[in-house]
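Order of the sequence lines fixes the chain letters, A, B, ..., with proteins taken first and strands second; residue numbering starts at 1 for each chain.
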Amino acid sequence: MNEKKDFLRTIVEEDLKSGKCKEVVTRFPPEPNGFPHIGHAKSIALNFGIARDYNGHCNLRMDDTNPTTEDTKYVEALKDAVHWLGFEWEGSVRYTSDYFPQIYAYAIQLIKMGKAYVDSLTEEEIREYRGTVTQAGKRSKYAQRSIEENLDLFERMKRGEFKDGEHVLRAKIDMSAANMKMRDPLMYRIRHAEHFRAGNEWAVYPMYDFAHCLSDYIEGVSHSICTLEFENNRDIYDWVLETLELEPPRPYQHEFARLGMNYTVMSKRKLLELVEGKYVNGWDDPRLPTIAGYKRRGYTPESILTFCEQIGVAKANSMVDVSQLEFCIRDDLNTKVPRVMCVLDPIKVTIENYEGSEEIDASYYPHDVPKEGSRKLPFSREIYIERNDFMENPPKGYFRLTPEQPVRLKHAYIIACKEVVKDENGNVLEIKATYYPESKSGSDTSGIKVKSAIHWVSAAEAKEVEVRLYDRLYSAEAPEGIEDLNPDSLHIVSNALIEPAVITQKCDERFQFERQGYFYADPVDYSDEKPVFNKIVGLKDSWNKKSKKAEQAPKAPAKKEQIDGEVVPMTEAQEALYAKYTNTLGLNTEVANTLARDAQLSDFFEEALSAYNSPVNLANIITNDVARELKQMEVSALKFTAKEIASLVKLIDDATISSKIAKQVFEEMVKSGERPEQIVEDKGLVQISDPAQILPIIEEVIANNPDNVAKFKAGNNKLLGFFVGQVLKATGGKANPQVVNELVSNQLY
RNA sequence: UGGGGUAUCGCCAAGCGGUAAGGCAACGGUUUUUGGUACCGUUAUUCGGGGGUUCGAAUCCCUCUACCCCAUCCA
């Protein structure tokens, strides 16, 4: 299990500890209306991962409540994705459609409770009646219908007596709720359509908001994890489960931020557009962020999982950089995959002083990958090297072959360029070279130093293969649509030359093409007659980067200024209060302002003040700590009184306790409602101000932290807080912090 | 504009009143028969802005700002 917990795991642990839930049950609940993408992978990793980490289980549920959009081919893709990522769902695949009878029964129950009604407004009317975000809606006249009538109508809706749109079933909640979702949400609509599993059995289908919470409940889900856009739906979720008075335990919904990644799109609509508009070659096009796409491209499930773990889970909308994903696949493949040589853009080299041929035994793995294995590499007089591994007029820092600079052929000999053959336009056609016989790899006695080793293939034995080079699908970092597509996202090299071993004895489907990147034998189009390789990801290329960097101009970091908005003016009464607080009571303007604007707070303050006359300290604790509690509840619900706050402040004024202890006492008052004096007595919280008692502790702390003492003496003043904190910790917070502060700085200088 | 969220390095992200974790990216360097890998080092006096409370604030309070979600018979 991760040592680092995300906020969801923290919630799960708390619920387990508090007994709110006995067993962790999660679920991955996609609607089968599209192919799963890497965003789903995040959700899968989360739901299945949490279940695994807490010895619970996770269900796979198809949320199939909309017969017009769903299809069984998508459920297959979804099942594949979960399996491919290495997870196993509990029992068989669940379908919301399997629960239709139960969900229907719950709807009946709601009607009988008078909490749901059949509405016969038109779609437009319903929209109109809903109001707007700033205006309350109004309830439909049909909400008056009797329970009997509702029951009858709903029954007939189910039987298919009405046309689509004639009636709907709505929950009777609140047409003026601030949360728009709560304005009598629709629970059922009529839909005469064939459902891919339920066929034509039903004429009514439950809406998401009604079906989802109940499906979770039926399956015994404890933690219903979904994405941020459902935050507003949580109120309905809770309303349905509470109103139905279902037997506990019930599920609770928690939301996290969906995955966003730059240079790609994740929305179903846009993905569908790409596929249907033939901008890509199907759902498994290796440029797509679909699971099928990554799979075909050659990504490993491990790398996707690692990625999901690395990006974390939080509630802030975010856009992850693709380089994070690319790192994960490179890192995974680096230790797993054999190295072979493939020349993408060949140029012929004739080694004039070499006769005959030989086979070189070449390891599949570099020295730092602890794997065994090698293949026979044919070597001969005519070879091919990469066109950009030779330059007649190289720039500074170029390590490869030039007329003046020899280079090593990886696993073989060092060669030197003797002559460059060109056509009439000056294009290089061929290089004539010589080799150093004593420079053979592994038994080099030539003493020649070269700057690099390049990959190559023997002309006679090399096989021609197709290599598909993929670049990012979009050229815009946050693509809007088709117009942002990268025209060069696919580059097909149809006559790359590869060493023969790769074709005849594949040891794995994935390879590193030395110095280029990781490649995958395309699972669809590959055959021994016509081998096809997909580029998974390139190797890091610091040479290429270096040469490109010169062109890029540094962009100016624009720090934008923030302008403060206008503050609502005070009423006259508030003005008067403010004046009194600042003028006669001596409160600072900020505190007075906060107090004067909040009637609850100022009343509380006045009451405390009448019990104990210490306006400034009283005001401070009330505007800060009491205010926090009042954000969550009414004054009447508070466990402590203004008088007790007065006593608390008195304890501070008396120097019986420090303000730090006061916080602690206050926490206790909030929880237990105990009197402050009592708390101080019970817990022995009287502060220690006697240097004779504190000094030994300080000495101990100093002795235990020599590193930090040195840092402090070197000028790191922040560390004073560290020492004070340590001393305070050692005394259970009771040492007088002011005294400690003074003493510590004396000790350290 | 009402409600619900969010804001910590170029990108993610820990942190819950006492020394601003970590990963990616970037930049140096060492090793290297991959300009790969590995390894070492550098990169936030500061947490969206401004105030306040405190010996001490990214964490508590006030206030302002920016962005996201909600007015589908989609999920």
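Within the structure, every side-chain polar atom (N or O) of Lys540(A) is placed at least 4.0 Å from both OP1 and OP2 of G35(B). Distances shorter than 4.0 Å separate some side-chain N or O of Arg191(A) from OP1 or OP2 on C74(B). When the side-chain nitrogen and oxygen atoms of Lys545(A) are compared with OP1 and OP2 of A26(B), one or more of them lie within a distance under 4.0 Å. Contact annotation: Arg330(A) side-chain N/O to U37(B) OP1/OP2 distance is not under 4.0 Å. Of the side-chain N and O atoms in Thr623(A), none sit less than 4.0 angstrom from OP1 or OP2 of U53(B). Proximity of Arg127(A) to the phosphate of U72(B): a side-chain N or O atom is located under 4.0 Å from OP1 or OP2. Look at Arg189(A) and you'll find a side-chain N or O under 4.0 angstrom from OP1 or OP2 of A75(B).
Among the protein residues, Asn317(A) comes within range of the sugar-phosphate backbone only, with heavy atoms under 4.0 Å from sugar or phosphate atoms but none that close to a base. Within the 4.0 angstrom heavy-atom criterion, no nucleotide atom of any strand lies near Lys729(A).
Nucleotide C47(B): unpaired (no Watson-Crick or G-U wobble partner with both distances less than 3.5 Å). When both distances must be under 3.5 Å, the Watson-Crick or G-U wobble mate of U53(B) does not exist. Partner assigned to G17(B) is none, using Watson-Crick or G-U wobble distances below 3.5 angstrom. A66(B) and U6(B) make up a base pair, with Watson-Crick or G-U wobble contacts both under 3.5 Å.
Put simply, the side chain of Asn741(A) and the base of C55(B) share a donor and an acceptor less than 3.5 Å apart. Between the side chain of Ser659(A) and the base of U54(B), no donor-acceptor pair under 3.5 Å is found. Residue side chain Gln562(A) reaches the base of G48(B) through a donor-acceptor N/O pair under 3.5 Å, judged by distance alone. Asp564(A) contributes no side-chain N or O that forms a donor-acceptor pair with the base of U65(B) under 3.5 Å. If you check distances only, the side chain of Asp368(A) does reach the base of G36(B) with a donor-acceptor pair under 3.5 Å. In the interface, the side chain of Asn232(A) is paired with the base of G3(B) through a donor and an acceptor atom under 3.5 Å apart. In the interface, the side chain of Arg408(A) is paired with the base of U33(B) through a donor and an acceptor atom under 3.5 Å apart. Between the base of G4(B) and the side chain of Asn179(A) there is no donor-acceptor pair shorter than 3.5 Å.
Along RNA chain B, the nucleotide nearest to Pro737(A) and the one nearest to Leu121(A) differ in position, and the one closer to the 5' end is contacted by Pro737(A). Closest-nucleotide positions on RNA chain B for Phe513(A) and Gln324(A) were compared, and the one nearer the 5' end corresponds to Gln324(A).
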Check nucleotides 41-45 of chain B for protein N or O atoms closer than 3.5 Å to its own N or O atoms and list the pairs.
none

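For Thr132(A), counting side-chain heavy atoms from C-beta on, the closest listed nucleotide (A71(B), G36(B), A75(B)) is A71(B).
Remark: Asp389(A) engages Arg400(A) in a salt bridge, criterion side-chain N to carboxylate O under 4.0 Å. A salt bridge does not link Glu229(A) with Lys181(A): none of the charged nitrogens is closer than 4.0 Å to a carboxylate oxygen.
The distance from atom CG of Leu720(A) to atom P of U19(B) is 12 Å, rounded to the nearest whole Å.
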